Amino acid sequence: MITFEDIKNNETIKTYITKADESLIALGYTEHSFAHVSRVAKTASYILETMGYSKRDCELAQIAGYLHDIGNIVNRTDHAQSGAIIAFRLLDHMGMDAAEAATIVTAIGNHDEGTAEAVNPIAAALILGDKTDVRRSRVRNQDKTTFDIHDRVNYSVKKSEVKINKEKSRIKLKLSIDTRYGSIMDYFEIFMDRMILCRKAAASLGLGFRLIINEQQIL
């Protein structure tokens with residue numbers, strides 16, 4: 001059985017994640033390296049664990065989260081699909097069970113906004129983990145005078161929390177935003193599609209989705 005620790009400790013995977021992020025640095029994107037994929041993996045696992053899925057399903061969600069952006073070593077365009085193919089090659093080479101590998105590959109191939117669908121619980125958890133990762137530490141540009149809208153929005157987020165309620169009926173993304181750097185309208189300008197996708201992914205798990213910004217329910 002291939003574990004999450006096996007994936008994290010694999011030197012080839014470490015190299016691919018590093019090189020994928022180097023490409024995004026060159027393109028001016030926010031951080032997509034180990035901090036991002038680790039956070040996505042943790043959130044995806046938390047969602048399925050809270051909703052009562054098996055320990056193995058939670059681990060598959062972790063693996064999918066950790067590998068989901070590996071396709072950026074090919075190109076940012078269609079990175080979900082190229083990433084799914086790369087992940088398949090890696091997992092198959094490591095000897096992962098075919099059904100488990102297929103579930104992870106499907107989730108990775110369905111995580112990006114343009115083509116994403118919550119086709120299975122792993123995919124739904126991955127979508128939610130990925131699209132809710134907005135935080136100040138993802139901004140690489142240190143010159144605030146040259147921030148683009150993605151820099152402004154991420155830098156404005158002082159605190160970000162993903163939480164499922166006790167009744168397991170709703171999942172909320174709660175943000176504390178410093179409006180000196182980015183407005184709520186800025187957030188919606190670049191993230192509306194992602195929030196709609198989160199709502200669909202949450203619904204596939206039997207959850208409502210709420211977006212709360214500065215203690216105000218927005219969605």
Side-chain angles (χ1 to χ4, degrees), residues 1-5 7-8 35-69 80 84 87 96-97 99-113 115-135 137-138 153-154 157-177 184 187-188 191-219:
M1 182 181 291
I2 303 302
T3 67
F4 181 50
E5 289 302 312
I7 298 298
K8 285 204 304 178
H36 172 60
V37 300
S38 296
R39 185 172 177 127
V40 173
K42 182 178 180 180
T43 302
S45 177
Y46 155 74
I47 290 168
L48 293 192
E49 181 180 8
T50 304
M51 295 304 293
Y53 284 83
S54 71
K55 183 177 179 180
R56 186 56 178 167
D57 280 341
C58 296
E59 188 164 43
L60 294 181
Q62 281 184 299
I63 294 171
Y66 202 76
L67 296 177
H68 80 282
D69 269 343
M96 178 173 271
D97 171 79
E100 292 188 341
T103 298
I104 291 169
V105 166
T106 299
I108 294 172
N110 279 279
H111 86 267
D112 199 43
E113 292 96 286
T115 54
E117 293 289 344
V119 293
N120 60 44
I122 310 299
L126 172 56
I127 288 168
L128 286 161
D130 183 34
K131 305 315 173 190
T132 58
D133 185 19
V134 52
R135 51 190 161 83
S137 55
R138 294 194 72 182
V153 167
N154 279 278
V157 177
K158 298 185 293 182
K159 185 177 180 181
S160 173
E161 180 184 33
V162 177
K163 192 78 172 176
I164 296 173
N165 65 351
K166 291 190 300 182
E167 296 77 19
K168 299 180 183 178
S169 60
R170 290 192 306 275
I171 183 170
K172 69 179 179 181
L173 170 59
K174 187 175 181 181
L175 303 176
S176 175
I177 287 181
I184 292 175
Y187 184 89
F188 273 103
F191 285 150
M192 175 59 84
D193 288 347
R194 299 182 194 186
M195 295 300 97
I196 292 172
L197 184 55
C198 282
R199 185 165 62 185
K200 291 179 179 177
S204 76
L205 295 172
L207 293 165
F209 178 75
R210 299 290 183 269
L211 172 62
I212 299 170
I213 300 179
N214 292 349
E215 303 299 333
Q216 298 291 318
Q217 183 174 314
I218 308 299
L219 184 67

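Quick caveat, the model's predicted, so the values are computed rather than measured.
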- request: Please examine the side chains of Tyr187 and Ile218, heavy atoms only from C-beta on, and report whether any two atoms are closer than 4.5 Å.
  value: no

message: Is there a side chain to side chain contact (heavy atoms under 4.5 Å, CB included) between Lys131 and Leu126? Walk through the geometry before answering.
response: CA-CA 8 Å; Lys131 305 315 173 190; Leu126 172 56; over 6 Å; no

query: Which atoms form the tightest heavy-atom contact between Leu197 and Ala116, and what is the distance?
result: CD2-CB, 3.6 Å

message: Using 0.5 Å steps for rounding, measure from the CD1 atom of Ile171 to the CG atom of Leu205.
response: 8.0 Å

query: Counting N and O atoms only, with roles assigned by atom type, does the side chain of Lys200 sit under 3.5 Å from a partner on the main chain of Glu117, one being a donor and the other an acceptor?
result: no

From CD (Glu113) to SG (Cys198), nearest 0.5 Å: 9.0 Å

query: So do the side chains of Lys42 and Ile47 get within less than 4.5 Å of each other, counting heavy atoms only?
result: no

field: Candidates Gln217, Lys159, Glu161 - the one meeting side chain to side chain contact (heavy atoms under 4.5 Å, CB included) with Lys174
entry: Glu161

- request: Using a strict 4.0 Å threshold on nitrogen-to-oxygen distance, state whether Glu49 and Lys55 make a salt bridge.
  value: no

task: Just do the side-chain hydrogen bond (donor to acceptor under 3.5 Å, both in side chains) check on Thr106 and Asn110 with the steps written out, would you?
output: CA-CA 6 Å; Thr106 299; Asn110 279 279; 5.6 Å; no

message: Test of understanding: with salt bridge (Lys or Arg N to Asp or Glu O under 4.0 Å), list the residues that count as partners of Asp133, not counting sequence neighbours.
response: Arg39, Arg135, Arg138

- prompt: Tell me, do Leu173 and Phe191 make a side-chain contact under 4.5 Å, heavy atoms counted?
  reply: no

task: For a side chain to side chain contact (heavy atoms under 4.5 Å, CB included) with Leu175, tell me which candidate from Ile212, Ile184, Val157 qualifies.
output: Val157

- prompt: Heavy atoms, side chains only, cut-off 4.5 Å: are Arg194 and Val134 in contact?
  reply: no

message: Working to the nearest 0.5 angstrom, can you tell me the gap between Gln62 CD and Ile104 CD1?
response: 10.5 Å

- request: Measure across Ala61 and Ile122 and return the closest heavy-atom pair with its distance rounded to 0.1 Å.
  value: CA-CG2, 3.8 Å

- prompt: Hey, does the side chain of Ser204 reach the backbone of Ala201 with a donor-acceptor pair shorter than 3.5 angstrom?
  reply: yes

field: For Lys8, salt bridge (Lys or Arg N to Asp or Glu O under 4.0 Å) partners two or more places apart
entry: Glu5

- request: Of all the heavy-atom pairs spanning Gly129 and Thr132, show the shortest one and how long it is.
  value: O-OG1, 3.5 Å

task: Please confirm whether the backbone N or O of Gly206 pairs with a side-chain atom of Lys168, one donor and one acceptor, at under 3.5 Å?
output: no

field: Side chain to side chain, Glu100 and Ile63, heavy atoms closer than 4.5 Å
entry: no

- prompt: Which value, rounded to the nearest 0.5 Å, describes the distance between Leu60 atom CG and Ile2 atom CD1?
  reply: 11.5 Å

query: Do side-chain atoms of Tyr46 reach the backbone of Ile164 as a donor and acceptor pair under 3.5 angstrom?
result: yes

query: So do Asp69 and His111 actually touch side chain to side chain, heavy atoms under 4.5 Å?
result: yes

field: Distance-minimising heavy-atom pair for Ile108 and His68
entry: CG2-O, 3.8 Å

- prompt: Would you say Leu128 and Thr43 make side-chain contact, with heavy atoms under 4.5 Å?
  reply: no

- request: Measure the spacing between CG of Leu211 and CD of Gln216 and express it to the nearest 0.5 Å.
  value: 11.5 Å

query: What distance separates Glu59 CD from Ile7 CD1, expressed to the nearest 0.5 Å?
result: 9.0 Å

query: Can you find a heavy atom in the side chain of His36 that is under 4.5 Å from one in the side chain of Asp130?
result: yes

field: Taking every non-hydrogen atom, the tightest pair across Tyr66 and Ala41
entry: N-CB, 4.0 Å

- request: Grab the two heavy atoms, one from Val40 and one from Gly65, that are nearest each other, plus how far apart they are.
  value: CG1-CA, 3.9 Å

